[in-house]
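Worksheet: the structure to be examined is printed underneath.
Just so it is clear: chains get the letters A, B, ... in the order the sequence lines come, proteins before strands, and each one is counted from 1. Not measured: the values here are computed from a predicted model.
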Amino acid sequence: MNQCGSYTLIKKSSQTKARRGKLFTSRGIIDTPVFMPVGTQGTVKGVPNEFLQTSGAQMILGNSYHLYLRPGTEIIKKAGGIQKFNSWNKPMLTDSGGFQVFSLNDIRKITEDGAEFKSHIDGSKHFFSPEKSMQVQKDIGADIIMCFDECTPYPVDYKYAQSSMDLSLKWAKRCKLEFYNDNSSDKQALFGIIQGSSYLDLREKSAYEMANMGFVGYAIGGLSVGEPKEIMHSVLEKILPIIPENKARYLMGVGMPEDLWEGIERGIDMFDCVIPTRNGRNGQVFTSLGKINIRNMSYKKDFTALDPNCSCPTCKGYTKAYLNHLVRAQESLYLTLLSLHNIFFMVNLVDTIRESIGNNNFLDAKKVFFDKYYSNQKRG
RNA sequence: GGGGGUGUGGCAGAGUGGUCUAAUGCACCAGACUGUAAAUCUGGCGGGCUCGCCCUUCGGUGGUUCGAAUCCAUCCGCCCCCA
């Protein structure tokens with residue numbers, strides 16, 4: 001019998017550490033590797049569910065800190081859980097608020113007990129402890145929930161990284177205790193998060209300790225916060241062999257197309273990232289021929305689709321010239337069209353990668369992708 | 001016909017003797033964005049280059065002054081009031 005959040009390995013790449021698998025949740029089975037669009041406030045910004053479905057997105061994120069502040073867990077509980085509330089009937093994952101410990105750096109205070117936030121909405125004070133985060137995430141009711149942790153910035157000195165990593169371990173223990181104190185684990189899964197910044201010995205320790213604690217799945221946090229790619233790669237190479245093979249590995253907050261390839265090549269199963277939506281809202285579009293900024297002058301009279309190899313509604317229905325016009329005119333439709341296209345791009349990219357693992361030609365597929373992706377631009 | 005006002009960079013609009021290639025906003029040209037305090041932020045936006053400077057700009061022309069977008073004269077354009 002499959003527990004929520006449990007992972008079944010289907011196929012390992014013979015060329016790399018890439019792997020295909022299935023992730024079980026109470027709302028459906030997910031093919032991994034998987035890319036999860038981020039829907040912080042219970043919505044993937046700018047994209048209606050119907051469109052999101054057509055992209056093939058299997059799972060989306062929500063954020064407990066944001067949903068706790070607004071609309072509040074009472075309302076979500078009353079609605080029957082987040083997926084009833086937002087009508088996304090597929091699996092969801094909530095982040096714990098740990099990222100806000102990082103991103104709201106100026107308006108929060110960390111103690112051993114937890115983190116005190118000043119609401120970014122009205123300045124009111126709120127306290128998130130590991131226990132609180134578990135309660136909030138239980139109330140929200142996503143399929144997979146995350147331990148409350150501290151996401152450290154980069155760079156951070158060794159001493160701070162060490163004590164922060166230790167704190168995240170302590171918090172993880174408390175999260176586990178709180179999570180399993182009722183029957184939530186029947187329908188939700190709790191993932192642990194490995195920290196340790198760019199220090200490989202800290203990462204190693206965190207991974208061992210977390211693995212010993214025994215989580216249903218494991219995430220790698222504190223990456224993609226501005227560190228060089230080589231650091232991210234070396235951290236992944238250090239950590240992944242330590243995590244049990246029969247557990248899902250989730251690289252939090254990643255990423256760019258190149259990060260997806262590099263992460264999967266090293267054994268990552270799950271990704272989430274705001275890039276397709278945020279960058280879409282800012283005019284940046286991912287295509288099989290590289291990134292472009294649709295706002296640029298060169299697209300003013302370009303009556304071709306964003307990506308000749310894309311089957312998304314944006315590419316099927318609209319030209320670059322029109323999208324350029326929408327962006328310049330600040331017509332809100334572009335938010336939807338560009339976000340949707342970028343989500344299609346990321347989801348389909350991971351589909352392609354997943355297939356290549358099945359076909360045992362990961363490295364060839366990677367080369368084919370990047371030969372095209374970098375054909376029109378400087379490598380960067 | 002008489003009286004008053006006004007003319008500034010693509011647009012709007014500050015500045016009213018030196019610190020002015022001239023605030024600010026918009027527009028325009030680029031760049032960034034990785035578990036979303038982001039439909040946001042950053043840079044550029046007269047010309048030249050040896051990148052420190054040099055040259056050219058505030059309706060036109062002529063003056064005053066060591067120095068003018070700024071003062072004076074005159075011309076041109078626009079606006080308002082009275083006949």
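- Other residues, nucleotides and ligands place no more than 12 heavy atoms under 6.0 Å from the NZ atom of A:Lys109.
- Shown here, B:U65 forms no base pair; nothing in the strands shown gives a Watson-Crick or G-U wobble contact with both key distances under 3.5 Å.
- Salt-bridge check for A:Lys229 with A:Glu262: failed, with every basic side-chain N at 4.0 Å or more from each acidic carboxylate O.
- Contacts of A:Arg70 with the nucleic acid, taken as non-hydrogen atoms under 4.0 Å apart, are absent.
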If you restrict it to nitrogen or oxygen atoms, what contacts under 3.5 Å exist between nucleotides 42-45 of chain B and the protein, and what is each distance?
none

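- Base contact: A:Ile193 has a heavy atom under 4.0 Å from a base atom.
- Base pairing analysis places B:G7 opposite B:C76; the two distances defining the Watson-Crick or G-U wobble pair are each below 3.5 Å.
- A distance of about 11 Å separates the C1' atoms of B:U70 and B:U8, rounded to the whole Å.
- Atom C1' of B:C33 sits at a distance of 9 Å from the matching atom of B:U40, rounded to the whole Å.
- Within 4.0 Å of A:Leu104, counting heavy atoms only, lies at least one base atom of the nucleic acid.
- Only one option out of A:Asp95, A:Thr94, A:Thr73 pairs with A:Gln137 in a side-chain hydrogen bond (donor to acceptor under 3.5 Å, both in side chains); it is A:Thr94.
- Pairing for B:U40 is with B:A32, a Watson-Crick or G-U wobble pair whose two hydrogen-bonding atom distances lie under 3.5 Å.
- To the nearest angstrom, C1' of B:G35 lies 11 Å from CZ of A:Phe35.
- Under the Watson-Crick or G-U wobble criterion, with both distances below 3.5 Å, B:G1 is paired with B:C82.
- For RNA chain B, none of the residues of residues 341-351 of chain A falls under the heavy-atom distance limit of 4.0 Å.
- Among the atoms of the strands shown, only primed sugar atoms or phosphate atoms (P, OP1, OP2) are found under 4.0 Å from some heavy atom of A:Asp272.
- Among the heavy atoms of the strands lying under 4.0 Å from A:Asn63 are primed sugar atoms or P, OP1, OP2 only; no base atom is included.
- With both ends at atom P, the span from B:C11 to B:A27 equals 16 Å, rounded to whole Å.
- Donor-acceptor pairing under 3.5 Å, judged by distance alone, is absent between the side chain of A:Asn293 and the base of B:G31.
- Checked against B:G35, B:A32, B:C28, the side chain of A:Cys273 finds its nearest nucleotide in B:G35.
- Across B:G9 and B:G46, the matching P atoms stand 13 Å from one another, rounded to whole Å.
- The environment of A:Phe127 atom CZ is dense: over 12 non-hydrogen atoms of other residues, nucleotides or ligands sit within 6.0 angstrom.
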